[in-house]
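Numbers for residues simply follow the sequence, beginning at 1.
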Amino acid sequence: MDKIKTLGIKKHLMTAISFFLPIVVASGFLLAIGNMLDGVAIETFSEGFAFADTLTSMGNYGLGLLPMIVSCAISYSIADKPGIAPGLIIGMVAKGIGAGFLGGMLGGYVSGIIVVLLTAGIKVPKWMEGLMPTLVLPFLSSLIAGLVMYYVIGTPINWFTNLITNYLTGLDTSSLFLYGAVIGVLSAIDYGGAINKVVFAFVFALFSEGIYEPVTVLILASMVTPFGLTMAFFLGKIIQKEIFNRQEIETLKTAFPMGICQITEGCFPIVLNDLVRNVIATGVGGGIGGGLSMLWGADSHIPASGMFAVATMTRPWAFIGALMIGSFATAVTILVLKKRVDPNAEVVVVEKAEEEISWDDLTIN
């Protein structure tokens with residue numbers, strides 16, 4: 001029971017994200033390229049197929065695995081190897097009953113917790129201990145978790161998924177901008193940290209239901225900081241207000257290329273030098289860019305990869321326009337908030353020399 005009390009909900013979700021994100025990106029690219037080449041899913045292998053059809057089919061297969069992957073990853077993170085079998089089976093149940101990604105995610109927690117409880121509660125003779133991880137635990141945990149999914153949580157998850165899907169698809173334009181702005185701010189202000197990951201789990205659940213706009217906002221929000229700070233550097237040159245010192249200018253040379261790939265961490269040396277002002281500027285840009293992206297219907301068919309995701313969108317102009325406006329808002333805000341500095345000044349770190357210890361001062365009473 002102590003393991004259940006100390007169960008790290010967020011830790012296991014982060015593990016699941018690290019498991020399925022590469023699969024989603026690969027599958028999304030395959031599907032997007034296949035669709036751009038007019039590929040269709042292969043129904044019968046013997047009837048023949050085109051090259052584009054193979055890409056579309058592989059992409060569909062990969063994305064169809066998501067409930068199983070997230071369920072297995074969470075269950076494995078909680079219960080180690082004994083959690084793999086029930087996690088996979090319950091993920092398949094979630095897909096079969098239409099509970100989708102949310103069902104797989106919740107099913108992973110159910111499976112892992114049940115395995116931990118069974119491990120703590122079942123005592124077997126020594127000669128049977130070898131059968132616990134290969135027979136007893138997988139069978140009993142799959143049986144119990146499957147029944148919980150079918151008879152307890154499956155229907156509520158279906159109801160909630162349909163409710164939120166119908167609600168978001170029926171939003172008017174003003175509400176679209178507001179929701180996009182909220183997602184944009186929350187995704188941007190902690191620079192890929194815990195808040196960003198929680199938002200990712202939510203928007204990815206919508207992504208798995210075919211609602212692509214929220215996850216596109218998250219992609220944009222992750223790029224606003226490096227793009228905005230780079231814009232601020234050039235705008236500062238034009239208006240003759242330098243706000244970056246020499247080390248920060250050098251940082252921008254790597255931060256911007258990393259930002260193109262949706263990697264925000266390259267900006268950390270600049271952000272941490274003036275955290276409050278940078279968070280404000282990032283929030284402004286993420287909110288404006290996210291609201292416009294949602295309003296204009298930018299729809300990435302993969303949940304990451306920055307500018308590389310543009311090729312998968314039906315409205316690439318919407319994403320690029322929202323990104324540029326949001327980045328410009330970040331640039332203007334940081335230029336207003338920060339004080340002028342000398343761009344040629346070195347950042348001097350003063351290290352205090354340690355006092356030498358003199359043995360003459362040592363006295364023994």
List the atom pairs, donor and acceptor, that lie under 3.5 Å between side-chain atoms in residues 145-154 and the rest of the protein, sequence neighbours left out.
none

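Residues Asn278 and Leu229 have side chains in contact (heavy-atom distance under 4.5 Å, counting atoms from C-beta outward). Annotation: side chain of Val203 is not in contact with side chain of Val217 (no heavy-atom distance under 4.5 Å). Annotation: side chain of Phe328 is in contact with side chain of Leu235 (closest heavy-atom distance under 4.5 Å). Residues Phe319 and Ile219 form a side-chain contact, since some pair of their non-hydrogen atoms from C-beta on lies under 4.5 Å apart. In this structure the side chain of Thr155 never reaches within 4.5 angstrom of the side chain of Trp159, judged on heavy atoms.
Between Tyr212 and Phe207, the two ring planes are perpendicular [angle over 60°; tilted spans 30° to 60°].
Looking only at atom types and distance, the side chain of Asp299 has a donor-acceptor partner in the side chain of Thr314 under 3.5 Å away. Defined by atom type and a distance below 3.5 Å, a donor-acceptor pair is present between the side-chain atoms of Tyr191 and Thr282.
Within a 6.0 Å radius of CE in Met92, other residues, nucleotides and ligands contribute 12 heavy atoms or fewer.
Between Phe29 and Phe308, the distance from one ring center to the other does not fall under 6.0 angstrom.
Of all the heavy atoms in Pro226 and Thr264, the pair that sits closest is CD-CG2, 4.4 Å.
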